[in-house]
Amino acid sequence: MTTMTRRRLLAGGTTLAAFLPFANACAPATVMAAGAGSAELDGVAMAQMIARGETTSIQLTEAAIARAEAVNPQINALATKTFDLARTRAAASPAGEFGGVPTAIKDLDNWKGAPTMYGSRAFRGNLAETDSVLPGRWRDAGVVVIGKSTTPEMGLTSSTEPLVTGATRNPWDLSRSPGGSSGGAAALTSARVVPFAHASDGGGSIRIPAACCGLFGLKPSRGALVSASSGAPVELSVDHAVTRTVRDSAALFAMAEAGESLPKIGKITGPSSRRLKVALVTETGTDAQLDPEVRAATEQAADLCRELGHEVIEWDLPIDARKFQDQFILFWAAGAAQFMQDAAAALGVPPSPEIIEPWTLGLASLFGERQGEFAETVADLQAFSSIYASWFENFDVLLTPTVTKLPPKIGEQAPDGDFDTVMKSVTDYVAYTPYMNVSGAASMNVPLFWSEGGLPIGSMFSGRQGDDGLLLALAYELEQARPWISRRPQLLAT
């Protein structure tokens, strides 16, 4: 079958032209699994224990598989289980910086020997013969993959409810979405099945699920990590991970640095003494309304920065946000049209709701209706990188909410829902994240605050392209000032 990458399909149709206790009203529903004890370890700690001979890869892998079997019936976060592949690899004691550490690969990328469905019914049974670029680097680092994590069809929306596998649910509240498109990765990591999981971000798809699931999520700068070029007029998507600790993200980043278009930053291991000027933005500039609890959490994040000695100024985005959003959606829709054509060609049948989700078909139709605007849209998006960089002439970091509201209920952004209603929900929800994809900038979700009802609320800190090290150092500082690691969802495996 056709081998695809999200980058190519998000090309815009290039071929179309301190450990705080979590006080929750409901105690977490802990699901006990074999190998109890390793669930709370991050990946760095697991690798260190293996290296010291205190445990083995097969022990940690079996424990992760047991945890997956215990909680996956509730969260539905595994598109494919690769338990036998994992056991074989773990038994061989793979070497590397993360040698023997169990994880999951997002179903948009290939892991040799495992299916890649792209979250779509059209690609059932599509077996990967090689690794995608970043997963290949992870293989070299010794990770053990217990499964492919769920994603919406081709990662084209902000909730993970693909028709091919069914809705993935948020461990913090099973009636809610874990976000998208790396929703399965975030659910598995938050529920303690794995310490971290592979993720990708083409419009917020690392940061949004991290915000929904109480995780750290760094969207790397374009060109920072190893990747395959799509030849897109604007490269939106980058690969990295969702993690529970900053040090896992920093170590994974250093392990996969490209060192080509951007200089390597190496492994960031702690905070910096540098004090930053932080620009606080809360207004979206669109029709999206900000949830009061999200607004309050963002303002608390600004207060925390002040307490740490950073200067915080209030700022408004100097851009026509409605026009930017409209052009981003058109570019996104071009990727859906490309996917629809490729899927139909691979199957040898016309695209239909039986093989392509209604949301994807709707996006493709939108592109067809507005194809005449595409050239201008591409030109404007290409020019945006320099515009975005100019925002940082008078400050160092941009602070915004990650998303506009608490995690949405399952069904609110379902791919078979009313197209216009779903479009309104999605575009309002992700009002802040696409700027950094178009510009290629570094951006991160930091899980600093929770709602009164116990749901995570993310704070998004963004810099320029190449500011990944600056953000990681700031993340360490925020993590030390307001630790989140012991906050646990209602459903977790131990």
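Please read these numbers as outputs of a predicted model, since none were measured by experiment.
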Those residues that, when tested against [X], pass side-chain hydrogen bond (donor to acceptor under 3.5 Å, both in side chains) (two or more places apart):
{"X": "Ser182", "value": "Lys106"}
{"X": "Ser57", "value": "none"}
{"X": "Glu357", "value": "none"}

Hey, do the aromatic rings of [X] and [Y] have their centres closer than 6.0 Å?
{"X": "Phe324", "Y": "Tyr435", "result": "yes"}
{"X": "Trp138", "Y": "Trp111", "result": "no"}
{"X": "Trp359", "Y": "Phe339", "result": "no"}

- Task: Might you point out which heavy atoms bring Val238 and Arg222 nearest each other, and give the distance in Å?
- Result: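 Minimum heavy-atom separation between Val238 and Arg222: CG1-CA, 4.0 Å.
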- Of all heavy-atom pairs between Pro220 and Phe253, which one has the smallest distance, and what is that distance?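 Shortest heavy-atom separation between Pro220 and Phe253 comes out as CB-CE1, 3.9 Å.
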- Would you indicate whether the side-chain heavy atoms of Trp172 and Arg487 approach each other to under 4.5 Å?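 Yes, their side chains come closer than 4.5 Å.
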- Flag the pair Leu491 / Ile75 as yes when at least one side-chain heavy-atom distance between them is below 4.5 Å, and no otherwise.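 They are in contact (side-chain heavy atoms under 4.5 Å apart), so the answer is yes.
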- All salt bridge (charged side-chain N to carboxylate O under 4.0 Å, His left out) counterparts of Lys112, not counting sequence neighbours: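 Testing Lys112 for salt bridge (charged side-chain N to carboxylate O under 4.0 Å, His left out), a comparison that skips the adjacent residues, returns none.
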- Task: Report the residues that fulfil salt bridge (charged side-chain N to carboxylate O under 4.0 Å, His left out) with Arg192, sequence neighbours left out, ordered by chain and then residue number.
- Result: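 Only Glu40 meet the salt bridge (charged side-chain N to carboxylate O under 4.0 Å, His left out) criterion with Arg192.
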Output a table of donor-acceptor pairs, distance under 3.5 Å, between side-chain atoms of residues 441-448 and any protein atom two or more places apart or on a different chain; print 'none' if there are none.
unit_1, atom_1, unit_2, atom_2, d
Ser443, OG, Arg207, NH1, 3.3
Ser443, OG, Ser462, OG, 2.7
Asn445, OD1, Thr402, OG1, 2.7
Asn445, ND2, Leu215, O, 2.9

- Candidate pair Arg139 and Asp131, rule salt bridge (Lys or Arg N to Asp or Glu O under 4.0 Å), full reasoning: CA-CA 9 Å; Arg139 185 185 293 274; Asp131 295 330; 2.5 Å; yes
- Query: Step by step, would you call Leu108 with Ser200 a side-chain contact (heavy atoms from CB on, under 4.5 Å)?
  - Reply: CA-CA 8 Å; Leu108 296 186; Ser200 59; 4.1 Å; yes
- Option among Thr80, Asn110, Asn126 that satisfies the side-chain hydrogen bond (donor to acceptor under 3.5 Å, both in side chains) test with Thr116: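 Of the listed residues Thr80, Asn110, Asn126, the side-chain hydrogen bond (donor to acceptor under 3.5 Å, both in side chains) partner of Thr116 is Asn110.
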- Message: Before you tell me yes or no, could you show the steps for Trp450 and Trp484 under ring pair (Phe, Tyr, Trp, His ring centres under 6.0 Å), namely the whole-Å CA-CA distance, both residues' side-chain angles and the distance that decides it to 0.1 Å?
- Response: CA-CA 10 Å; Trp450 269 250; Trp484 57 78; 8.3 Å; no
- With a 4.0 Å cut-off, would you call Asp201 and Lys219 a salt bridge?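 Here Asp201 does not pair with Lys219 in a salt bridge, since their nearest N and O are not under 4.0 Å apart.
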- Does the distance from a Lys or Arg side-chain N to an Asp or Glu carboxylate O, for Glu97 and Lys267, drop under 4.0 Å?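 Counted as a salt bridge, because a side-chain N and a carboxylate O are separated by less than 4.0 Å.
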- Task: Determine, stepwise, if the pair Arg274 / Asp396 fulfils salt bridge (Lys or Arg N to Asp or Glu O under 4.0 Å).
- Result: CA-CA 11 Å; Arg274 177 183 171 186; Asp396 303 299; 2.9 Å; yes
- Item | Audit row: Asp291, Lys405, salt bridge (Lys or Arg N to Asp or Glu O under 4.0 Å) steps and yes/no | CA-CA 5 Å; Asp291 181 279; Lys405 63 179 186 177; over 6 Å; no
- Message: Please evaluate residues Gln413 and Ser425 with respect to the criterion side chain to side chain donor-acceptor pair (under 3.5 Å), reporting the C-alpha separation (whole Å), side-chain torsions for both, the decisive distance (0.1 Å), and the verdict.
- Response: CA-CA 7 Å; Gln413 297 181 10; Ser425 177; 3.2 Å; yes
- Message: Is a donor from one side chain sitting under 3.5 angstrom from an acceptor on the other, for Asp248 and Thr243?
- Response: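 Checked: Asp248/Thr243 side chains show no N/O donor-acceptor pair below 3.5 Å.
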- Check step by step if salt bridge (Lys or Arg N to Asp or Glu O under 4.0 Å) holds for Glu69 and Lys81. CA-CA 10 Å; Glu69 294 280 53; Lys81 298 174 182 178; 2.9 Å; yes
- Starting from the C-alpha separation in whole Å, work towards a yes-or-no answer on side-chain contact (heavy atoms from CB on, under 4.5 Å) for Leu188 and Ser149. CA-CA 8 Å; Leu188 290 168; Ser149 64; 4.0 Å; yes
